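One structure is given here, and the rest of the page talks about it.
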Amino acid sequence: MPELPEIETVRRSLAPAIVGRRVVAVRVQERRLRGGVAASFATALAGRRIAEVTRRGKYLLAPLDDGRLWLVHLGMTGQLTLAPRDRPARRHDHIVVELDDGFVITYNDPRRFGRMAVIAPSRLVAETGEGVDPLDDAFSPAALFALTRARRTPIKALLMDQRRVAGVGNIYANEILFRAGVRPGRRAARLARDDCQRIVAASRAVLMEAIRRGGSSISDYRDGLGREGWFQLDHCVYDRAGRPCPTCRTPIRTRVVVGRSTFYCPRCQK
DNA sequence: CGCACCCCCTGCCGGC
DNA sequence: TGCCGGCAGGGGGTGC
């Protein structure tokens, strides 16, 4: 579910309220998240002050006052929300982090595909990968062009490969390629510099606009304060098979690319 | 290297 | 109405 814009929206919604707060208690009610929640997790987090809230690709990171990093990945259905301590418990509340101001951060995740850990900063790249963030200046047309060379994989798969580009998932890969006018199935190596330039520009435009709209709420995404996003109303192609292309009215087509549902305009995208 | 095919899970939707 | 298969924004592993 949550891709870069959703994670960034969660980060922005939580940061002002939790930076500087101290964790007074941690309750782990379900350890069976991805990779398992380590036995040491609660003790590593309890008593620590939250120094900052940052993001790396689809990972949320909270540097702590002892130099370690609280790392959260929301998987498909994870929600990390801040609420007063008396908030009623819900099904699938797995981790509850009490703060020193009477608020709690709750991690809820029906499918349990998310990840929750406290790690040493030296482990960051090993945990999150080294893909370039598409909002970073390092994601330049030249850098993308270099990534595409000698790659037979479809450009959409490359954009979604977190080891290369960090933060783009299925919704935004579809939207970015529509905006760039590039077919999702095009082999990466067959892209020209000009295509890469348009994909880089489209990535920035789509992701920043999605952040401005608070992310896409398809079914269960909410930000750190429980608010929905609205970018789903601006989707041009994702989940819009058969509906008219916003540019030329040609019906949007769907097919599977590397195992993922893919949507594109057969006329606008080459 | 690329990809099909497994796995991890719950929830929802459409067809019968 | 209920059951069943398919599918869903995530990632990881295996084997060809």
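Sequence lines set the chain letters: A, B, ... in the order given, protein chains first and strands last, and positions in each chain run from 1. It should be emphasised that the depicted structure is a prediction, and the values quoted were computed from it without experimental measurement.
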request  = Would you mind telling me which of A:Arg115, A:Arg56, A:Arg34 makes a salt bridge (Lys or Arg N to Asp or Glu O under 4.0 Å) with A:Glu127?
outcome  = A:Arg115

ask   = CG of A:Asn108 versus P of B:dC9: gap in Å, rounded?
value = 17 Å

task = For each nucleotide in nucleotides 11-16 of chain C, reading 5' to 3', give B when a protein heavy atom comes within less than 4.0 Å of its base, S when such contact involves only the sugar-phosphate, and - otherwise.
result = SS----

ask   = Does a donor on one side chain sit under 3.5 Å from an acceptor on the other, for A:Thr77 and A:Asp109?
value = yes

ask   = With no hydrogens and no angle check, do the side chains of A:Arg267 and A:Thr247 hold a donor and an acceptor under 3.5 Å apart?
value = no

query = Are A:Lys58 and A:Glu6 within salt-bridge range, i.e. N to O under 4.0 Å?
reply = no

query = B:dC9 C1' sits how many Å from A:Arg32 CZ, rounded?
reply = 10 Å

ask   = Roughly how far apart are A:Ile171 CD1 and A:Tyr221 OH, rounded to 0.5 Å?
value = 11.0 Å

ask   = Thinking salt bridges, do A:Arg179 and A:Glu175 make one under a 4.0 Å N-O criterion?
value = no

inquiry  = Rounding to an integer number of Å, can you tell me how far A:Asp109 CG sits from B:dC9 P?
reply    = 12 Å

message = Taking B:dC9 as the reference, what is the distance to C:dC3 when you measure between their P atoms (whole Å, please)?
response = 23 Å

query = Got a salt bridge between A:Asp195 and A:Arg198, using NZ or NE/NH1/NH2 to carboxylate O under 4.0 Å?
reply = yes

query = Looking at CD1 of A:Ile252 and OH of A:Tyr238, how far apart are the two atoms once the value is rounded to the nearest 0.5 Å?
reply = 14.0 Å

ask   = Where each pair must be Watson-Crick or G-U wobble with both distances under 3.5 Å, what dot-bracket representation of DNA chain C is obtained, with crossing pairs in [ ] and other-strand partners as |?
value = .|||||||.|||||||

request  = Quickly work out the A:Arg90 CZ to B:dT10 P distance and round it to whole Å.
outcome  = 17 Å

task = Could you go through the side-chain contact (heavy atoms from CB on, under 4.5 Å) check for A:Arg112 and A:His94 one step at a time?
result = CA-CA 9 Å; A:Arg112 309 202 313 263; A:His94 303 317; 3.6 Å; yes

message = Would you measure the distance from the P atom in B:dC5 across to the matching atom in C:dG6 and give it in whole Å?
response = 14 Å

Whole-Å distance separating the CG atom of A:Asn170 from the P atom of C:dG9 = 5 Å

query = Would you call A:Arg22-A:Asp65 a salt bridge at under 4.0 Å N-O?
reply = yes

ask   = Between the base of B:dC9 and the side chain of A:Arg112, is there any donor-acceptor pair under 3.5 Å?
value = no

ask   = Can you name the nearest heavy-atom pair linking A:Ala173 to A:Lys156, along with the distance?
value = CB-CG, 4.0 Å

inquiry  = Does C:dG9 have its OP1 or OP2 closer than 4.0 Å to a side-chain nitrogen or oxygen of A:Tyr238?
reply    = yes

Protein and nucleotides 2-6 of chain B: nitrogen or oxygen contacts under 3.5 angstrom:
residue : atom : partner  : partner atom : Å
B:dG2   : OP1  : A:Arg151 : NE           : 2.8
B:dG2   : OP1  : A:Arg152 : N            : 3.2
B:dG2   : OP2  : A:Arg151 : NE           : 3.2
B:dG2   : OP2  : A:Arg151 : NH2          : 2.7
B:dC3   : OP1  : A:Arg187 : NH1          : 3.2
B:dC3   : OP2  : A:Thr153 : OG1          : 2.6

request  = Can you tell me the distance, in whole Å, between the CZ atom of A:Phe263 and the C1' atom of C:dA8?
outcome  = 10 Å

ask   = Which pair of non-hydrogen atoms, one from A:Leu207 and one from A:Pro5, has the smallest distance, and what is that distance?
value = CD2-CG, 3.7 Å

inquiry  = Using whole Å, what does the distance between atom C1' of nucleotide B:dC8 and atom NE2 of A:His92 come to?
reply    = 15 Å

remark   = Testing C:dC7, B:dT10, C:dG10 for proximity to the side chain of A:Glu3, the answer is C:dG10

ask   = When the distance from CZ of A:Arg111 to P of B:dC9 is rounded to whole Å, what number comes out?
value = 11 Å

query = Say you pick atom P in B:dT10 and the same atom in C:dT1; how far apart are they, in whole Å?
reply = 25 Å

